[in-house]
Amino acid sequence: MSNINDEIILNGVHDYSSEKDYVEPSSVIINKLEEFKDMKLGIMVHWGLYSQVGVLASWGLVDAEKSWSREQNEFGDRPNWREDGKKLREEYFSLINSFNPIRFNPSDWAELASKNCFKYLIFTTKHHDGFCMWDTKQTDFKITNSKCPFSSHEKADVVKHVFDAFREKGLSIGAYFSKPDWHCNDYWENDYLGETTRMPTYNVNENPEKWQAFVDYTHNQLEELIKDYGKIDILWLDGGQVCKKRGLDVKLENIVPKLREINPELIVVDRTAGGEYENYITPEMTIPNNVMNVPWESCLTLGKDFHYVYDDEYKSKDQLIQTLLEIVCKGGNLALNVSPQPDGRIPRNAIIALNSFGDWLNKYGQAIFKTRPIPPYKIDNFYFTQTSDFVYAIAKNFSGNYIPFNQTVAKVELLNTSTTINFKIENEKIVLLDLVNTNETYTVFKLYKTIK
């Protein structure tokens, strides 16, 4: 099946669907998407077998991707210890025999996210390698398999404990789920000797019974998650090559209605597939250039990549703030990925970075959360957001005496110092009559539309 047009993924990174092709969902889902747009900030967590050796998640298993997925680099985060792809896959899959994150405490993760203003979670229940972080009944390739040393731990059903801990802190729950499964014999055949690609190892049109077995396997796993693991708000489906328009139809129209019988408000994100089950759009490792008037979320990383990297380098507070502003002023959400280390803890330097980011959000979050875009969106070093009563103008390295905003306002407040600023409207600008000096990178103005 390697001849299928799969340009939607380049070096493991998905492109994103066009706004013009967006299919508006039912009114129930539209209402939930408004709540989603209010949240603005989600924490994404990639965690699995790959974490214990600090390598790229799953993609190193694919022979056809080896030019980038097994490359040599300064971080040493590629599974390239073997030239033989078959042997490499055997050793990667055998990591189930040593995965034992005995310092895993999801309550610590949830507390870190909550105090730093994250509003929802997206957690990898299963990545493309097929390793399941919950007690699925569909495969033995799971964390609760007795071959896995962590299986005897009281928190072995990782998905259950992660979801419970984050719900307890009031965060909404998103389940990342990979549609392709490179360990399942009905996707990659165990006796296949050729070059592996991201596609099945057989022609699904010539072997429809085998493909149907994979579809059933996928449906059963999705039903387990939605039925047995508490209320899940977002089903985040990765692996965009597996979709109807590319000949790999997992028949979501047969399973999503069943899942919505369990949770009628379930948001489904069938990435890059388009259609009625891509309820929001997901740019990956990029931010759109312009405002998008449909629900969307950029998934970006705190560190180098989505996987855990030994001696990783994390983004600074100012980088994170600017990233969030670039997204929110265009109407989007940020899903910021943080990868736990092999023992189950969030790395110390990642915690420091998130706490610094959270300090800013706890002070200025009103300019971010529950806001919507407003022209001019972004101009010069200013970012604009709005609520029904206020406009927020956030300036990076502000040094002037005006705000480039040409709508009528009744009052200007400087949130950095909680002071009112005298102003006048002149030449389609808000000219500030008081000196503004905050000694902060970001100056946050609150513009009152009216005074009640």
Side-chain angles (χ1 to χ4, degrees), residues 1-10 12-26 29-30 33 58 62 64-65 125-128 130 138 174-189 196-226 232 234-263 266-284 294-297 299:
M1 296 296 293
S2 60
N3 61 330
I4 288 179
N5 181 359
D6 55 10
E7 75 285 350
I8 56 164
I9 307 172
L10 178 64
V13 175
H14 281 67
D15 198 356
Y16 58 96
S17 297
S18 168
E19 177 184 351
K20 67 181 176 62
D21 295 329
Y22 181 77
V23 176
E24 190 171 277
S26 70
I29 304 304
I30 288 174
L33 288 167
S58 303
V62 184
E65 308 284 345
T125 64
K126 180 182 77 168
H127 206 260
H128 312 321
Q138 310 307 317
Y176 170 113
F177 180 91
S178 170
K179 291 181 294 181
D181 186 319
W182 297 333
H183 186 270
C184 178
N185 185 53
D186 291 317
Y187 195 94
W188 274 5
E189 299 157 296
T196 55
T197 73
R198 69 188 69 165
M199 303 301 183
T201 55
Y202 60 95
N203 188 308
V204 301
N205 296 317
E206 296 174 0
N207 199 342
E209 296 84 6
K210 194 171 189 65
W211 181 250
Q212 185 59 49
F214 180 72
V215 171
D216 292 342
Y217 170 80
T218 300
H219 288 193
N220 290 339
Q221 287 201 321
L222 291 174
E223 194 163 7
E224 283 179 350
L225 288 167
I226 302 302
I232 292 174
I234 301 168
L235 180 60
W236 209 90
L237 300 175
D238 202 14
Q241 74 270 27
V242 177
C243 67
K244 185 179 297 187
K245 63 187 176 184
R246 288 177 171 80
L248 300 177
D249 185 6
V250 289
K251 300 179 174 66
L252 288 182
E253 70 274 11
N254 293 341
I255 186 62
V256 172
K258 293 180 181 179
L259 303 181
R260 284 183 171 156
E261 288 178 6
I262 301 168
N263 176 13
L266 179 67
I267 293 171
V268 179
V269 187
D270 191 17
R271 303 187 67 207
T272 70
E276 63 179 317
Y277 299 125
E278 189 174 16
N279 296 156
Y280 68 74
I281 295 172
T282 55
E284 179 177 347
V294 298
W296 63 277
E297 166 198 83
C299 49

Minimum heavy-atom distance [X]-[Y], with the two atoms named:
X      : Y      : value
Pro25  : Ile30  : O-CD1, 3.5 Å
Thr197 : Ala64  : CG2-CB, 4.0 Å
Asn203 : Asn205 : OD1-N, 2.8 Å
Ile29  : Leu266 : CD1-O, 3.3 Å
Glu189 : Tyr202 : OE1-CB, 3.7 Å
Pro200 : Val204 : CG-CG1, 4.2 Å

**Q.** Polar contact flag, side-chain donor to acceptor under 3.5 angstrom, Tyr280-Glu297
**A.** yes
Approximate separation, where rounding is to 0.5 Å, of [X] [atom1] and [Y] [atom2]:
X      : Y      : atom1 : atom2 : result
Asn220 : Ile255 : CG    : CD1   : 7.5 Å
Tyr217 : Asp181 : OH    : CG    : 4.0 Å
Ser58  : Lys126 : OG    : NZ    : 10.5 Å
Leu222 : Leu235 : CG    : CG    : 5.5 Å
Leu248 : Trp211 : CG    : CH2   : 4.5 Å
Glu278 : Asp21  : CD    : CG    : 9.5 Å

Q. Testing Gln241, Glu65, His128 for side-chain hydrogen bond (donor to acceptor under 3.5 Å, both in side chains) with Arg198, which one passes?
A.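 Of Gln241, Glu65, His128, side-chain hydrogen bond (donor to acceptor under 3.5 Å, both in side chains) with Arg198 is met by Glu65 alone.
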Q.
Using the rule side-chain hydrogen bond (donor to acceptor under 3.5 Å, both in side chains), only one of Glu224, His219, Glu223 pairs with Gln138; which is it?
A. Glu224
Q) What orientation do Tyr176 and Trp236 show, parallel under 30°, tilted 30 to 60°, or perpendicular over 60°? A)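 Tyr176 vs Trp236 ring planes: parallel.
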Q. For the residue pair Trp188 and Trp182, does the interplanar ring angle fall in the parallel (under 30°), tilted (30 to 60°) or perpendicular (over 60°) class?
A. parallel
Q) In terms of heavy-atom contacts, does NZ of Lys244 have more than 12 from other residues, nucleotides or ligands at under 6.0 Å? A)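 No, because the 6.0 Å sphere around NZ of Lys244 holds 12 heavy atoms or fewer from other groups.
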